Q: 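Sharing a structure below in structure tokens format, with a few things to ask.
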There are 2 protein chains.
Amino acid sequence: MPRYSRQREAIRKQVSNRKDHPTAETLYAELKPKNPELSLATVYRNLNQLVEWGEVARIDACGAARFDWIVEPHSHFFCRECGCVVDMPEADDKLPRDIAERFDGVIESSASNFFGLCRECMEKLERESRS
Amino acid sequence: MPRYSRQREAIRKQVSNRKDHPTAETLYAELKPKNPELSLATVYRNLNQLVEWGEVARIDACGAARFDWIVEPHSHFFCRECGCVVDMPEADDKLPRDIAERFDGVIESSASNFFGLCRECMEKLERESRS
DNA sequence: TCGATAATGATAATCATTATCACTAACAAG
DNA sequence: CTTGTTAGTGATAATGATTATCATTATCGA
């Protein structure tokens with residue numbers, strides 16, 4: 001029996017309008033100007049709620065949690081230089097299936113994380129090393 | 001130019017003597033009795049150092065970081081009930097190879113994380129639900 | 001033996017997140 | 001429409017993991 005709330009609606013909308021994977025803090029900063037009364041705790045609270053309801057997905061890795069309105073499980077790439085997070089849809093599902101069968105327990109979810117440099121940072125570092 | 005230190009040696013030894021994946025706090029608790037002067041900060045400091053030198057690996061997921069003297073990258077299973085961490089060597093290397101080729105940047109490492117219930121917890125919960 | 005400085009221990013600080021709690025607002029029932 | 005129940009909020013204290021600070025100690029080459 002959840003009730004309507006202006007704040008939750010704004011948070012839901014903000015997450016679904018973004019193609020990248022914002023943190024709670026980022027969402028808060030973006031929403032604050034047009035919702036001056038908004039509290040950071042409310043952002044965290046509602047994100048947890050939305051995750052629980054399966055409306056958004058939480059991406060855990062590299063410090064702060066990030067949120068994604070694409071709830072189908074998929075892998076991510078994390079750039080160690082700029083901290084950006086990129087979807088890696090190619091890497092999915094092939095792996096977990098047969099692993100899960102062999103495993104001596106219950107596998108409820110899985111996530112493959114990739115770490116390194118995104119193209120922008122790779123090119124930037126290459127440029128810098130030529131000097 | 002790192003120098004010898006009794007504390008680092010004790011930490012190194014403690015990590016390599018364990019087959020599970022202890023947290024910094026756990027290692028501290030285990031070492032403290034025989035090294036009463038040891039500080040938690042020293043444990044963190046040295047673990048970071050050892051990771052940087054490639055002597056131990058850091059496993060990031062589910063709250064506190066865990067440490068592993070097996071540095072070859074491999075996947076892990078995390079039990080949501082008891083919090084145990086189990087090696088999943090079967091899940092490795094199949095995935096990253098062809099992904100890395102297609103990726104528009106540099107993939108330096110990858111890790112597949114599995115979440116769910118370990119056998120013990122699965123059985124315990126089954127038993128509890130029959131009552 | 002000495003001196004430069006790596007390493008330590010104690011603890012304050014930080015960062016992300018959760019808990020608390022008095023207050024506000026949604027909304028079903030009267 | 002007025003209400004009563006209680007979900008939701010905002011402000012902030014508390015937490016947990018980790019890092020920074022800093023005065024002191026210890027390593028080790030000169």
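Note that the structure is a prediction, hence the values are computed from the model and not measured. Convention: sequence-line order gives letters A, B, ...; per-chain numbering from 1. The figures here come from the full heavy-atom set of this structure, side chains too, leaving out hydrogens, waters and symmetry mates.
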Q: Kindly say if B/Tyr44 contacts the phosphate of D/dT19, meaning a side-chain N or O under 4.0 Å from OP1 or OP2.
A: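 Looking at the OP1 and OP2 atoms of D/dT19, neither is under 4.0 Å from any side-chain N or O of B/Tyr44.
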
Q: Determine, step by step, whether A/Asn35 and A/Glu37 satisfy the side chain to side chain contact (heavy atoms under 4.5 Å, CB included) criterion, reporting the C-alpha distance in whole Å, the side-chain angles of both residues, the deciding distance to 0.1 Å, and the verdict.
A: CA-CA 5 Å; A/Asn35 306 264; A/Glu37 80 298 342; 3.9 Å; yes

Q: Rounded to the nearest Å, what distance is computed from the OH atom of residue B/Tyr28 to the P atom of nucleotide C/dT11?
A: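 For the pair B/Tyr28 OH and C/dT11 P, the rounded distance is 11 Å.
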
Q: Taking only side-chain nitrogens and oxygens of B/Thr42, does any of them come within less than 4.0 Å of OP1 or OP2 of C/dG9?
A: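 Yes, such a contact exists.
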
Q: Can you identify which nucleotide, out of C/dA19, C/dA10, D/dT27, has its nearest atom closest to the A/Ala41 side chain?
A: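 Side chain of A/Ala41 sits closest to C/dA19.
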
Q: Between A/Ser5 and C/dA25, does any side-chain N or O lie under 4.0 Å from OP1 or OP2?
A: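 For C/dA25, neither OP1 nor OP2 has a side-chain N or O of A/Ser5 closer than 4.0 Å.
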
Q: Could you state the atom-to-atom distance from CZ of A/Arg8 to C1' of C/dT24 in whole Å?
A: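 In whole Å, C/dT24 C1' lies 15 Å from A/Arg8 CZ.
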
Q: How many angstroms lie between CD in B/Glu120 and CD in B/Glu81, if you round to the nearest 0.5 Å?
A: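 Atom-to-atom, B/Glu120:CD and B/Glu81:CD are 12.0 Å apart.
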
Q: Go through residues 77-86 of chain A and report each residue with a non-hydrogen atom lying under 4.0 Å from DNA chain C, sorted by number.
A: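 Contacts with DNA chain C under 4.0 Å: none.
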
Q: Roughly how far, to the nearest 0.5 Å, is CG of B/Leu47 from CG of B/Leu27?
A: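 With rounding to 0.5 Å, CG (B/Leu27) is 6.0 Å from CG (B/Leu47).
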
Q: Just N and O in the side chain of A/Asn35: are any of them under 4.0 Å from OP1 or OP2 of D/dG10?
A: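 So the side chain of A/Asn35 is outside the cut-off, no N or O lying under 4.0 Å from OP1 or OP2 of D/dG10.
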
Q: Counting the benzene-type ring for Trp, do A/Phe103 and B/Phe114 have ring centres under 6.0 Å apart?
A: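 Ring-ring flag for A/Phe103/B/Phe114: false, centres at least 6.0 Å apart.
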
Q: With a 4.0 Å cutoff (strictly under), does any side-chain N or O of B/Asn48 reach OP1 or OP2 of D/dT19?
A: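 For D/dT19, OP1/OP2 do have a side-chain N/O of B/Asn48 under 4.0 Å.
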
Q: Look at the side-chain N and O atoms of B/Gln7 and state whether any lies under 4.0 Å from the OP1 or OP2 oxygen of C/dG9.
A: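 Yes, because at least one side-chain N or O of B/Gln7 sits under 4.0 Å from OP1 or OP2 of C/dG9.
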
